[in-house]
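Note sheet for the following structure.
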Amino acid sequence: MYELDMLLHGAQALLNQPMALLLALFGVTLGIIIGALPGLTATMGVAILLPFTFGMDPLSGLLMISGVFFGGIYGGSVTAILLKIPGTPAAAATAIDGYELTKKGQAGIALGTATFSSFLGGTASVFVLIFLAPVLARFALEFSASESFALAVFGLSIIASISGVSVIKGLISGFLGLLLATVGLDPMGGFPRYTGGYTELFNVPFIPVMIGLFAAAEAFKSLEDPQVRAGMAAALDRIIPPWHIFRRQLGNIARSSGLGIVIGMIPGAGADIAAFVAYNEAKRFSKTPENYGKGELGAVAACESGANGCTGGALLTMLTLGIPGDAVTAVMLGALTLQGLQPGPLLFKDHADLVFTLFAGMLVCYVFMLVVGLGSLRFMGRILQMPKSVLTPCILALCIVGTYAINNSMFDIWIMLAAGVVGYFMQKWDFPASPVVLALIMGPMAEANFRRALSLSNGSYDFLYTRPITAALLSIAIVTLLLPLLRRLWAQRSAGGPSTINPAAGTSRMGTPE
Amino acid sequence: MSNAPAPGGKVGLRPQDRLATLVIAALVMAVAVAAIIVAGDFPPTMLETDVGPARFPIIFAVALLVLCAILVFNTLRAPAAPPDDPAQVGPKISYGTVAIGIVATAVCLYAMEFVGYAIATPIYLFGLMWLMGRRNLIANAAIAAVLTALIYAAFAYALSVPLPVGSLFE
């Protein structure tokens, strides 16, 4: 088999380049640190390191950048699980159940599961990249504006399943997020909407809102209770998940990795979308979907394997077609061309040795990620030994600095603070924050691609049902949106009708009116 | 929020939770109405095949109005929860501390624009630690200084991300 032979040759060549391996290790470590810090994303990490690769040989430079990419996607999960600070947008999905596990005293197992799932998802995606790149690249070309719109709608339909105790409140959060997502320049005409004259609002300040809703809101909450203020955060406990527990997640990880790879290939869709979609599918296939949102290990495994599965998928279209799957690979595309390499089918022909050595290096990067990740978790877990009265101010300071780091803008920090205050009140009255973040990710994608598809079809709405992928994704979206509602109605009926439940139709199990 | 079962096995709402839900719904409805009014001033699109910049915000705002109306309806119909059992009441929540924390964060941000990160942050950290019950002033000052320096080193030196210097020192 040609690919396997080339991969073995690549691995052999890699062993003769210790400097490239060292730089890969450095990249992974830096990526994990960058990913863990709020506001700093994998994209930013790759962009920061890009100038340093100019003087390097192509393999060393590209491996270091790949290391930052992989480490950055994984690193976001560490603070998401320990502190409910999603270091990266992809980790917002991990934070939902990851932090609940920390509150239950299972932070160690959650972190260990996240690390192994990231490793498995990422490694699987690199293998797919190696063996199936040309075949899958053709599938990626099938995705035009209408399919991307349908994917965004499918992503948005997840809102119903991450709504927590009340679907109506989840939907209100989601639509509020969608309305917020329209702030900025109109995607077709460039007209500024709801910006109030502030140029800072020309792009939706999505990361400041995310940091505010998750991290700052949680920090404000820990100010309110004197007992919490005086206590420790939680214990780390065991890190490596027991085999009998992790074994049950393997199917979930395989499915989520597959989803991540496919989503990663689609231009414009990244690890954040993959993590949320993987979360939803894990919940759909789970035997205990009611545990999702309350600290379910399967949710952490799904989000992390999905997000890291995205890495290989995003690289696949970038390397085979020259189309970056997300923002990180767009920067990596620049790194590739700076090294004199032209992405596309000819890359695999003209530079096969380099490409397969790079693939072997990517697999090594994931091994480094596993080793560095597991090795650093005990140290990271020390965070939980800090008294809350020190940890909370530290979290707030990190929120401020991390938000500032995105655009060097004080305006963004004020947005973060406002989102933190709103998030605090949302938390208090059971309005979930995750749908807002999901809507901020998917909203602009849905609107821009819908309007683009409409223009491409000369104003006809036929594209909604004549294109098979679009129709299939929209159908799944409708089912996904309606299923939780139907399940609840069914549960209410089978529970004995209105006499045993709240007459406010749809009042949830926890008593929150829906 | 209260999840106490009302008499007859029904799930009820405490008066304060009912009021809060109604206030939040009213606020969201006000935002949605404002969004629709402002969207009315958006210019029409130049492309015949496009729906224009106002269509999506209006759809989202109308959906919000409908959902909030359902929430209000359900909240008003929900039965009242029985009074809390004093024995089962949890720790008293100090909203004052939260408010002070939020105001302190706002003051820190305002100060940071003038005096920069290096001065505003340690004072902010010190104040928050005191607010959270740490009364050892020397230890608090030392922790605040170390944390400020660590964050500064991580961002400014290790990652080359500049932090606010403050207009007084620029």
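Throughout, a chain's letter reflects where its sequence line sits, starting with A, and its residues are numbered from 1.
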To the nearest 0.5 angstrom, please state how far the [atom1] atom of [X] sits from the [atom2] atom of [Y].
X: B:Met132; Y: A:Leu391; atom1: CE; atom2: CG; result: 8.5 Å
X: B:Phe42; Y: A:Asp186; atom1: CZ; atom2: CG; result: 8.5 Å
X: B:Leu163; Y: A:Ile400; atom1: CG; atom2: CD1; result: 11.5 Å
X: A:Lys169; Y: B:Cys68; atom1: NZ; atom2: SG; result: 11.0 Å
X: B:Leu109; Y: A:Met416; atom1: CG; atom2: CE; result: 6.0 Å
X: B:Asn136; Y: A:Ser389; atom1: CG; atom2: OG; result: 11.0 Å

Checking heavy atoms, do the side chain of [X], its backbone, both or neither come under 4.5 Å from chain A?
X: B:Ile102; result: both
X: B:Ile151; result: side chain
X: B:Ala39; result: both
X: B:Tyr152; result: neither
X: B:Leu76; result: neither
X: B:Ala106; result: both
X: B:Ile143; result: side chain
X: B:Val98; result: both

Could you check which of [options] has the highest count of heavy-atom pairs closer than 4.5 Å to chain A?
options: B:Ala32, B:Gly52, B:Ala54; value: B:Gly52
options: B:Gly96, B:Ala20, B:Pro164, B:Ala154; value: B:Pro164
options: B:Leu47, B:Leu64, B:Leu125, B:Val161; value: B:Leu64
options: B:Ala63, B:Ala61, B:Gly127, B:Pro43; value: B:Pro43
options: B:Pro162, B:Cys108, B:Ala25; value: B:Pro162

Stepwise, does the side chain to side chain contact (heavy atoms under 4.5 Å, CB included) test hold for A:Met188 with B:Thr45?
CA-CA 9 Å; A:Met188 292 295 274; B:Thr45 177; over 6 Å; no

Under 4.5 Å to a heavy atom of chain B? For A:Ile172 that would be both

Side chain, backbone, both or neither of A:Leu456 within contact of chain B (heavy atoms, under 4.5 Å):
neither

Taking side chain as C-beta onward, heavy atoms only, is [X] less than 4.5 Å from [Y]?
X: B:Phe56; Y: A:Leu178; answer: no
X: B:Val23; Y: A:Phe425; answer: no
X: B:Leu128; Y: A:Thr392; answer: no
X: B:Leu71; Y: A:Phe431; answer: yes
X: A:Trp414; Y: B:Glu113; answer: yes

Closest-packed option against chain B by number of heavy-atom pairs under 4.5 Å, given A:Ala439, A:Cys399, A:Pro393, A:Gly174:
A:Pro393

Relative to chain B, which of A:Leu454, A:Val401, A:Leu417 shows the most heavy atom pairs under 4.5 Å?
A:Val401

Heavy-atom closest contact ([X] atom, [Y] atom, distance):
X: A:Leu223; Y: B:Gly101; value: CD1-CA, 3.8 Å
X: A:Ala397; Y: B:Tyr124; value: N-CE2, 4.5 Å
X: A:Arg193; Y: B:Pro53; value: NH1-O, 2.8 Å

Could you walk me through whether A:Val390 and B:Leu147 satisfy the side chain to side chain contact (heavy atoms under 4.5 Å, CB included) test, starting with their C-alpha distance in whole Å, then the side-chain angles of each, then the deciding distance to 0.1 Å, before giving a yes or no?
CA-CA 10 Å; A:Val390 176; B:Leu147 284 177; 4.2 Å; yes

Pairs meeting criterion ring pair (Phe, Tyr, Trp, His ring centres under 6.0 Å) with involvement of residues 389-408 of chain A, two or more places apart
none

Step by step, work out the ring-ring contact (aromatic ring centres under 6.0 Å, His included) result for B:Tyr95 and A:Phe220.
CA-CA 10 Å; B:Tyr95 290 109; A:Phe220 290 143; over 10 Å; no

Return yes when atom OH of B:Tyr110 has more than 12 non-hydrogen atoms of other residues, nucleotides or ligands closer than 6.0 Å, and no otherwise.
no

Count the heavy atoms belonging to other residues, nucleotides or ligands that lie under 6.0 Å from CD1 of B:Ile138, then report whether that count exceeds 12.
no

Got a donor-acceptor contact below 3.5 angstrom from the A:Tyr194 side chain to the B:Ala35 backbone?
yes

What salt bridge (Lys or Arg N to Asp or Glu O under 4.0 Å) pairs are there with at least one residue in residues 49-73 of chain B, not counting sequence neighbours?
A:Arg451-B:Asp50

